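Here's the structure, in structure tokens; my notes come after.
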Amino acid sequence: MNLSILIPLLNEEESLKELYSWIIKVMQSNNYSYEIIFVDDGSTDDSWNIIESFSNENPNVKGIRFMKNFGKSQALHAGFAKAQGDVIITMDADLQDSPDEIPGLYEMITAQKYDLVSGWKKKRYDSVVAKNLPSKLFNWAARKTSGVELNDFNCGLKAYKNTVVKNIEVSGEMHRYIPVLAKNAGFSKIGEKVVIHQARKYGETKFGMERFINGFLDLITIWFLSRFGKRPMHLFGAIGSLMFIIGFLSAGYIGVSKLYHMYTGMKYSLVTNNPWFYIALTTMILGTQLFLAGFLGEIILRTKSNEARYKVAREVNF
């Protein structure tokens, strides 16, 4: 199978029929063998019934319905697990991503041998203040932190080799950082393609300004996980040990200094009257806690079980 088109969605009943017809037109004009996987992330409108109608008329259309809204990352994770195509294309259901971009993305994966190609919405039709400027700042921070040179991490239109999606773990709200996850998994050939961005035709966006705040927090998380996720003791243990040693040596110096003053008959004060004693003691306590945090992190990594992050209510054509 050439292509798996993966579309996560939430309450997009108005755009689904137009999007479906557009994708089918592109598939037929290019003679692709394909599957279209709709992942309904807990829609409360008529989206699932529309998806079922597509699947009844076309066996290449498949659907996954979550019991409630679990988030885009979980929807992508569920779709990646089911995808069978040599190339997987992800796109949003709001018609802001153009299916006409699919052949170009497919060509970059198959002919130019990219592992992953991310869309770049160079010309946008969103609010400059509410979305464009925060997005530019967010993308700059993501580039500097991750080392992945992409201009638009947030673009939902991406293409992947099948082996990429089968070897990355998308959880939480990490869908923005799939290229970083791919790089950390060993897939180094990551490209970018300028794609058309269309103004939203129906409904309202499901993402507000909070997505940028969450995005920055997730960026810190993925930076930490990429460096210390497998060995938390290397960070917490090292810092904790260093702090404990500094505190211990400082407390020892204060004690030895008092004994020296007593021995020589010089004026001295109680150790507990010295503010540096409490600083040293606090440093030792914090160092011990950080060391234990690293130790506990190592234990958790070795004993954790992979619990399901979402619940599927129904599936069609799988």
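Values below: all heavy atoms of this structure, side chains included; hydrogens, waters and symmetry mates excluded. Predicted model only: the values in this text are computed from it and were never measured.
Taking CD1 of Ile51 as the reference point, atom OG of Ser43 lies at 7.0 Å (rounded to 0.5 Å). To the nearest 0.5 Å, atoms CE (Met243) and CD1 (Ile285) are separated by 10.5 Å. Note that CD1 of Ile23 is 10.0 Å distant from OG of Ser98, once rounded to the nearest 0.5 Å. Taking CD of Glu14 as the start and CG of Asp46 as the end, the distance is 11.5 Å to the nearest 0.5 Å.
Around the OH atom of Tyr32, the shell of radius 6.0 Å holds more than 12 heavy atoms that belong to other residues, nucleotides or ligands. Around CZ of Phe318, the count of heavy atoms belonging to other residues, nucleotides or ligands within 6.0 Å exceeds 12. Within 6.0 Å of CE on Met67 lie no more than 12 heavy atoms contributed by other residues, nucleotides or ligands. The environment of Lys189 atom NZ is dense: over 12 non-hydrogen atoms of other residues, nucleotides or ligands sit within 6.0 angstrom. Under a cut-off of 6.0 angstrom, the local environment of NZ in Lys17 is sparse, with at most 12 non-hydrogen atoms contributed by other residues, nucleotides or ligands.
Aromatic ring centres of Phe80 and Tyr160 lie closer together than 6.0 Å.
Ring planes of Phe66 and Phe70: perpendicular class, angle over 60° (limits at 30 and 60°).
A single hydrophobic cluster is not seen to contain both Phe244 and Leu242; linkage of ILVMFWY side chains at heavy-atom distances under 4.5 Å, directly or through other members, places them apart. In the hydrophobic clustering of ILVMFWY residues, with side-chain heavy atoms under 4.5 Å counting as a link, Met108 and Tyr34 come out together. Transitive grouping of hydrophobic side chains (ILVMFWY, heavy atoms separated by less than 4.5 Å) keeps Trp120 and Ile109 in distinct clusters. Met1 and Ile89 fall into different hydrophobic clusters, where Ile, Leu, Val, Met, Phe, Trp and Tyr are joined by side-chain heavy atoms under 4.5 Å apart, directly or via other members.
With His77 contributing its side chain and Ser73 its backbone, the two residues share no donor-acceptor pair below 3.5 Å.
Taking 4.5 Å as the limit, some side-chain heavy atom of Lys121 sits within range of a side-chain heavy atom of Asp97. Within the 4.5 Å cutoff, the side chain of Ile102 has heavy atoms near those of the Met27 side chain. In this structure, the side chains of Trp48 and Val316 come closer than 4.5 Å at one or more pairs of heavy atoms.
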Would you sort out whether Leu9 and Ser47 count as a side-chain contact (heavy atoms from CB on, under 4.5 Å), showing the intermediate values?
CA-CA 9 Å; Leu9 62 105; Ser47 294; 3.8 Å; yes
Using the salt bridge (charged side-chain N to carboxylate O under 4.0 Å, His left out) rule, take Asp152 and Lys122 through it: C-alpha gap first, then chi angles, then the decisive distance, then the call.
CA-CA 8 Å; Asp152 191 356; Lys122 196 170 184 179; over 6 Å; no
Worked verdict on Lys62 versus Gln84 for side-chain contact (heavy atoms from CB on, under 4.5 Å):
CA-CA 12 Å; Lys62 303 173 182 182; Gln84 299 176 7; 4.2 Å; yes
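Asp41 and Asn69 form a side-chain donor-acceptor contact under 3.5 Å, judged by distance and modelled atom types alone. A donor and an acceptor atom, one from each side chain of Glu35 and Ser4, are located under 3.5 Å apart. With no hydrogens or angles considered, no side-chain donor-acceptor pair links Tyr106 and Asn30 at under 3.5 Å.
A salt bridge links Lys161 and Asp115; the closest N-O separation between the charged side-chain nitrogens and carboxylate oxygens is under 4.0 Å.
Just one of Ile5, Ile24, Ile36, Ile7 meets the side chain to side chain contact (heavy atoms under 4.5 Å, CB included) condition when paired with Leu19; it is Ile7.
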